[in-house]
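Residue numbering restarts at 1 for every chain, and letters A, B, ... go by the order of the sequence lines.
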Number of protein chains: 2
Amino acid sequence: MSDAPLRPFAQSLPMALLKAREAVMSHFRPILAAENITEQQWRVLRALADADQPLSVSQIVERTFLLGPSLSRILAGLERRGMLDRDTASEDARRALISANPAGRALLAKIGPLSEARYRWIEERLGAGQLDRLYELLALVADAGLDAGVAEAEAEA
Amino acid sequence: MSDAPLRPFAQSLPMALLKAREAVMSHFRPILAAENITEQQWRVLRALADADQPLSVSQIVERTFLLGPSLSRILAGLERRGMLDRDTASEDARRALISANPAGRALLAKIGPLSEARYRWIEERLGAGQLDRLYELLALVADAGLDAGVAEAEAEA
DNA sequence: TATTGTTATACTCTATAACTATA
DNA sequence: TATAGTTATAGAGTATAACAATA
């Protein structure tokens with residue numbers, strides 16, 4: 001472990017990722033607030049919309065980076081607002097099957113285009129090529145993080 | 001506003017940014033937890049370490065993306081743990097001057113190298129060139145977000 | 001016994017408004 | 001009056017453990 005000084009905060013990778021995300025989300029959050037929906041609730045709805053099949057609670061956890069207990073309450077909130085359908089898997093009664101119902105899909109259809117407009121703004125500024133490149137690099141970082149986890153697990157073994 | 005369907009959730013830019021950040025932070029959070037320090041407290045300490053001068057509360061707000069009320073409590077927590085010095089600016093008694101004291105700098109020195117090690121792991125996987133490219137693109141996104149804000153403000157005027 | 005999901009609990013952060021002190 | 005910062009308050013998420021139901 002070296003004693004090199006910490007790189008400048010502005011060049012911290014987590015901070016750069018956070019800053020970019022804030023820049024995108026800061027314009028989107030008011031839209032969500034106007035619909036009385038939190039960022040996390042939106043993440044759940046997006047995950048459900050993206051899947052063409054109902055998802056189990058564990059699957060939503062994986063796709064949204066939320067914790068199980070948090071998700072249970074977020075789902076309860078969305079159900080209270082009548083946005084979700086919940087069934088039980090026929091093969092395994094432990095597994096819940098969550099999907100966006102018509103009201104949930106209507107909300108997605110209402111907010112989605114506003115999200116797209118924001119996205120296109122950024123795409124125009126960067127160009128499609130650079131945006132694709134960004135996605136590649138972000139995926140590499142995500143994978144490097146996972147690899148690191150594996151390396152640590154092996155080091156402990 | 002077009003009716004194009006939402007892009008796949010996995011390709012949502014905020015989600016890709018979040019995923020990459022999670023990959024990096026998930027290995028770093030246990031280190032912070034072991035020192036009994038939250039991610040936000042760490043962000044504040046890093047911002048203070050990065051500045052070579054004491055920072056006002058507003059300056060820390062700008063650099064950490066925390067809200068004023070949140071920061072007030074985070075600072076109180078760090079002060080309770082004896083990590084910070086607080087003075088009052090001589091020219092303006094409203095302005096506080098916050099800096100990391102020796103205990104705070106010791107914590108930075110302890111945790112910093114662990115953070116650097118994680119960073120180097122990712123740099124090895126991506127190569128320095130690609131990492132630099134990633135920073136450029138993230139900065140472009142951050143700026144595009146700010147531009148969008150300006151454009152909206154002008155549209156309202 | 002292991003897995004899926006919920007409930008319990010304590011803490012932290014977010015977000016807005018109201019407030020104090022200084023300018 | 002405006003600005004810097006804190007306090008108040010309500011709501012939501014994080015994190016860990018304990019639990020119920022099912023496998």
Student: Using a cut-off of strictly less than 4.0 Å, decide whether B:T38 has a side-chain nitrogen or oxygen near OP1 or OP2 of C:dC13.
Tutor: yes
Student: Over how many whole Å does the gap from A:Q59 atom CD to C:dT3 atom C1' extend?
Tutor: 14 Å
Student: Mind checking if A:R43 touches a base, just sugar-phosphate, or nothing, with heavy atoms under 4.0 Å?
Tutor: nothing
Student: Could you tell me how far apart A:L66 (CG) and C:dG5 (C1') are, to the nearest whole angstrom?
Tutor: 15 Å
Student: Tell me: CG of B:L97 to C1' of D:dG5, nearest whole Å?
Tutor: 13 Å
Student: Assuming nearest nucleotide by heavy-atom distance, tell me which of B:G68 and A:E39 is located more 5' along DNA chain D.
Tutor: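 It is B:G68, whose closest nucleotide lies nearer the 5' terminus.
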Student: Does any N or O donor sit under 3.5 Å from an N or O acceptor when you compare the side chain of A:R94 with the base of D:dA20?
Tutor: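 Side chain to base: no pair present.
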Student: Round to the nearest Å and state the distance from B:E91 atom CD to D:dA4 atom P.
Tutor: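 It is 12 Å, rounded to the nearest whole Å.
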Student: Between C:dT14 atom P and A:R21 atom CZ, what is the distance in whole Å?
Tutor: 13 Å
Student: Taking CD from B:Q41 and P from D:dT14, how many angstroms apart are they, rounded to a whole number?
Tutor: 17 Å
Student: Go through C:dT14, D:dA4, C:dA23 for me and flag the one nearest to the B:L67 side chain.
Tutor: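 Between C:dT14, D:dA4, C:dA23, the one nearest the side chain of B:L67 would be C:dT14.
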Student: For D:dT6, does OP1 or OP2 lie under 4.0 Å from any side-chain N or O of B:S72?
Tutor: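 Yes, such a contact exists.
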Student: Looking at the base of C:dT4, is there any donor atom on it, or on the side chain of A:R95, that sits under 3.5 Å from an acceptor on the other one?
Tutor: no
Student: Which of these nucleotides, D:dT22, D:dA15, D:dA4, is closest to any side-chain atom of B:R29?
Tutor: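 Nucleotide nearest to B:R29's side chain: D:dA15.
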Student: In whole angstroms, how far is the C1' atom of C:dC11 from the CZ atom of B:R81?
Tutor: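 Rounded to the whole Å, the gap is 14 Å.
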Student: By nearest atom, which of the nucleotides D:dA23, C:dA23, D:dT16 is closest to the A:D92 side chain?
Tutor: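 Nearest nucleotide to the side chain: D:dA23.
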Student: Determine the contact category for A:L71: base if any of its heavy atoms lies under 4.0 Å from a base atom, sugar-phosphate if only primed atoms, P, OP1 or OP2 are that close, otherwise nothing.
Tutor: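 It contacts nothing in the nucleic acid.
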Student: Per the side chain to side chain contact (heavy atoms under 4.5 Å, CB included) rule, which among B:L45, B:I74, B:L32 passes with B:Q40?
Tutor: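 Of the listed residues B:L45, B:I74, B:L32, the side chain to side chain contact (heavy atoms under 4.5 Å, CB included) partner of B:Q40 is B:I74.
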Student: Show the nearest heavy-atom pair for residues A:L48 and A:A100, with the distance to one decimal.
Tutor: CD1-N, 4.1 Å
Student: If you define the side chain from C-beta out and look only at heavy atoms, does anything of A:R95 sit under 4.5 Å from A:T88?
Tutor: no
Student: Taking for each residue the nucleotide of DNA chain C bearing the nearest heavy atom, is the 5' side occupied by A:R73 or by A:A33?
Tutor: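 Closest to the 5' end, via its nearest nucleotide, is A:R73.
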Student: Under 4.0 Å between a side-chain N or O of A:R86 and OP1 or OP2 of C:dT6?
Tutor: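 Checking A:R86 against C:dT6: at least one side-chain N or O falls below 4.0 Å of OP1 or OP2.
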Student: Of the nucleotides C:dA17, D:dG5, C:dA8, which has the atom closest to the B:P69 side chain?
Tutor: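 Closest nucleotide among those given: C:dA17.
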Student: What's the shortest heavy-atom distance between A:W121 and B:A144, and which atoms?
Tutor: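 A:W121 and B:A144 have their closest heavy atoms at NE1-O, 3.1 Å.
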Student: Go through D:dG13, D:dG5, C:dT7 for me and flag the one nearest to the A:I74 side chain.
Tutor: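 Nearest to the side-chain atoms of A:I74, counting from C-beta on, is D:dG13.
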Student: Indicate yes or no: at least one non-hydrogen side-chain atom of B:R43 is less than 4.5 angstrom from one of A:F9.
Tutor: yes
Student: Which whole-number value in Å describes the distance from A:L32 CG to C:dT14 C1'?
Tutor: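 Taking CG of A:L32 and C1' of C:dT14, I get 14 Å after rounding.
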Student: Between D:dT14 and A:S70, is there an OP1 or OP2 to side-chain N/O distance shorter than 4.0 Å?
Tutor: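 Yes, because at least one side-chain N or O of A:S70 sits under 4.0 Å from OP1 or OP2 of D:dT14.
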Student: Decide whether B:Q41 and B:R46 meet the rule of one side-chain donor and one side-chain acceptor closer than 3.5 Å.
Tutor: no
Student: Where the side chain of B:A96 is defined as all heavy atoms beyond and including C-beta, which of C:dA23, D:dA17, D:dG5 is the nearest nucleotide?
Tutor: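 Of the candidates, D:dG5 comes closest.
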